[in-house]
Every structure is written in C-alpha cells, then in structure tokens.
Amino acid sequence: QVQLVESGGGLVQAGGSLRLSCAASGRTSSIYFMGWFRQAPGKEREFVAGISWSGGRTYYADSVKGRFTISRDNAKNTVYLQMNSLKPEDTGVYYCAASTRVAVITTPLGYDHWGQGTQVTVSS
C-alpha cells in the first residue's frame, strides 16, 4: 500500500502563488506515475499535472501550462506543485494520486492511491 498526504493549500488572492506538497510512504517502489488533480464544487475531478516517478517527465493540463510546475524529490518521496499566477477558476480541492501502471495517466480511474485532498481558494 501507498499512503499520500497533501499539504500547502490555503486562501490566496488572484495573481498569488501557493506550493502544494504530497508526501508518499509505504510501498513507494511500486509507484510509476504521480498526478495532481482538482475538483471544484459540482464539477468532475480533473487532471492538473503529472510526473513520472523515476524519470521526471512532466505533463500539464492546458489550463495550467506556464503557470504551474510539478516536481519531485525522490529522496524525500515527495511531489510538489508550484502554482503561480493563480486565478479564481483554480479554486477547488487538490488531490495527489499515485499510479502503479507503467503509463502516463491523466484520468482518475488510472490511479491506485489518493491523498485526502487540500483546499485551494483563490479570491478575485
């Protein structure tokens, strides 16, 4: 099993920045791909960014390209999401997820393990 714990959410004004962290524990050797998702009230959970656990290749949703950066520190078993130039539409609960499938996955169904989520609220 893999356990994921997110932190770093909060309230920020539009144009501001936040950095989310996701600490992984347990069978981290089974992880191939890590993703960040978000879910706004009344909307489906959507892919935000992803990173391969070993190689570090990154992937982004079009809506966050150029503003968000995903990175990982394998020594700390931690994945980060640096969010800059935040917009009110970035508001939602942000979830960290881990997949053991050898593939780049941008849909929630492809992930085996999820964190509890952290709230991000961007005020206008």
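Just one residue in the list Glu6, Glu44, Glu46 forms a salt bridge (charged side-chain N to carboxylate O under 4.0 Å, His left out) with Arg38, and that residue is Glu46.
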Output a table of donor-acceptor pairs, distance under 3.5 Å, between side-chain atoms of residues 7-29 and any protein atom two or more places apart or on a different chain; print 'none' if there are none.
from  : atom 1 : to    : atom 2 : distance (Å)
Ser17 : OG     : Asn84 : OD1    : 2.9
Ser25 : OG     : Gln3  : OE1    : 3.4

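Put simply, the side chain of Trp114 reaches to within 4.5 Å of the side chain of Arg45, judged on heavy atoms.
Take Ala40 and apply the side-chain contact (heavy atoms from CB on, under 4.5 Å) test, not counting sequence neighbours, and it matches Lys43.
Put simply, the side chain of Thr121 never gets that close to the backbone of Thr91: no donor and acceptor are under 3.5 Å apart. Between the side chain of Arg57 and the backbone N or O of Ser52, no donor-acceptor pair lies under 3.5 Å. Listed for the Tyr60 side chain is a donor-acceptor partner under 3.5 Å among the backbone atoms of Ile70. Of the possible polar contacts, none joining the Asn74 side chain to the Ser54 backbone as a donor-acceptor pair under 3.5 Å is found.
Residue pairs that meet the salt bridge (Lys or Arg N to Asp or Glu O under 4.0 Å) test with at least one member in residues 112-124, sequence neighbours left out, are Arg101-Asp112.
Under the 4.5 Å side-chain contact rule for hydrophobic residues, Leu81 and Met34 share a cluster. By the criterion of side-chain heavy atoms lying less than 4.5 angstrom apart, applied directly or through intervening Ile, Leu, Val, Met, Phe, Trp or Tyr residues, Val120 is not grouped with Tyr95; the two fall into different hydrophobic clusters. Following chains of ILVMFWY side-chain contacts shorter than 4.5 Å, one cannot reach Trp53 starting from Val102, and the two form parts of different hydrophobic clusters.
Using a cutoff of 4.0 Å between basic side-chain nitrogens and carboxylate oxygens, Asp90 and Lys87 are not scored as salt-bridged.
Note that the OH atom of Tyr111 and the SG atom of Cys96 stand 9.5 Å from one another [nearest 0.5 Å]. Taken to the nearest 0.5 Å, the OH atom of Tyr80 stands 5.0 Å off from the CG atom of Asp73. The line from OG of Ser124 to CD of Glu89 is 10.0 Å long, rounded to the nearest 0.5 Å. To the nearest 0.5 Å, atoms OG1 (Thr100) and CZ (Phe33) are separated by 13.0 Å.
Closest non-hydrogen pair, Ile105 versus Thr107, comes out as CG2-O, 3.4 Å. Contact detail for Thr106 and Phe37: the closest heavy-atom pair is O-CE2, 3.7 Å.
Separation of the Tyr59 and Phe47 ring centroids does not fall under the 6.0 Å cut-off.
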